[in-house]
Amino acid sequence: PEAAAVSLVIYDVTGKEVARLINTQISSGYHQIIWNGLDKNYTPVASGVYIYRLKTDKFCDVKKMLLVR
């Protein structure tokens with residue numbers, strides 16, 4: 001791991017951006033981010049399938065996740 005600009009964004013299944021959890025420079029090492037289930041307007045989102053994209057200068061990964069309330 002090395003320091004990098006990191007972006008972690010959550011989308012709904014239609015591709016609409018729900019929340020942007022990280023968009024900043026992060027130091028090297030291992031980190032944990034917990035999503036509280038709120039959207040950009042701090043409104044709770046519904047249970048269901050969401051997609052997250054983790055992007056750095058040298059890496060990009062997109063995965064599905066399930067939010068269960």
Side-chain angles (χ1 to χ4, degrees):
E2 60 186 50
V6 176
S7 172
L8 179 58
V9 182
I10 298 175
Y11 300 92
D12 63 15
V13 292
T14 65
K16 179 181 162 196
E17 184 177 317
V18 174
R20 186 173 294 263
L21 302 181
I22 298 285
N23 193 23
T24 189
Q25 184 79 15
I26 300 291
S27 62
S28 62
Y30 295 95
H31 302 276
Q32 179 178 339
I33 305 297
I34 298 174
W35 179 38
N36 57 8
L38 302 179
D39 66 9
K40 293 186 275 188
N41 300 319
Y42 303 103
T43 305
V45 298
S47 294
V49 177
Y50 290 88
I51 300 176
Y52 69 88
R53 183 183 72 190
L54 177 64
K55 185 177 178 184
T56 68
D57 300 331
K58 300 177 183 177
F59 176 81
C60 184
D61 197 13
V62 177
K63 300 227 182 205
K64 292 188 294 187
M65 66 178 169
L66 184 63
L67 176 65
V68 180
R69 295 201 177 266

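Counting only heavy atoms from C-beta outward, the side chains of V13 and Y50 never approach each other to under 4.5 Å.
By the criterion of side-chain heavy atoms lying less than 4.5 angstrom apart, applied directly or through intervening Ile, Leu, Val, Met, Phe, Trp or Tyr residues, L8 is grouped together with W35 in one hydrophobic cluster. Note on Y11: it does not cluster hydrophobically with L21, by side-chain heavy-atom contacts below 4.5 Å among ILVMFWY residues. L54 and V49 fall into different hydrophobic clusters, where Ile, Leu, Val, Met, Phe, Trp and Tyr are joined by side-chain heavy atoms under 4.5 Å apart, directly or via other members.
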Side-chain donor-acceptor contacts of residues 61-69 below 3.5 Å, not counting sequence neighbours, with atom names and distances?
{"from": "R69", "atom 1": "NE", "to": "V45", "atom 2": "O", "distance (Å)": "2.9"}
{"from": "R69", "atom 1": "NH2", "to": "G37", "atom 2": "O", "distance (Å)": "2.7"}
{"from": "R69", "atom 1": "NH2", "to": "V45", "atom 2": "O", "distance (Å)": "3.2"}

Mind listing the side-chain donor-acceptor pairs of residues 24-34 below 3.5 Å, one per line with the distance, residues two or more places apart or on another chain?
{"from": "Q25", "atom 1": "OE1", "to": "A5", "atom 2": "N", "distance (Å)": "3.4"}
{"from": "H31", "atom 1": "NE2", "to": "S27", "atom 2": "O", "distance (Å)": "2.9"}

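Among residues two or more places apart in sequence or in another chain, the side-chain hydrogen bond (donor to acceptor under 3.5 Å, both in side chains) test is passed with T43 by none. For Y52, the ring pair (Phe, Tyr, Trp, His ring centres under 6.0 Å) test picks out no residue, with sequence neighbours left out.
The line from OG1 of T56 to CD1 of I22 is 13.0 Å long, rounded to the nearest 0.5 Å.
Every pair passing salt bridge (charged side-chain N to carboxylate O under 4.0 Å, His left out) that includes a residue from residues 18-44 is listed here, sequence neighbours excluded: E17-R20. For residues 46-59, every residue pair satisfying the salt bridge (charged side-chain N to carboxylate O under 4.0 Å, His left out) rule, not counting sequence neighbours, is listed here: E2-K58.
Chaining together hydrophobic side chains whose heavy atoms lie under 4.5 Å apart places L38 alongside Y42.
D12 approaches V18 most closely through the heavy-atom pair N-CG2, 3.4 Å.
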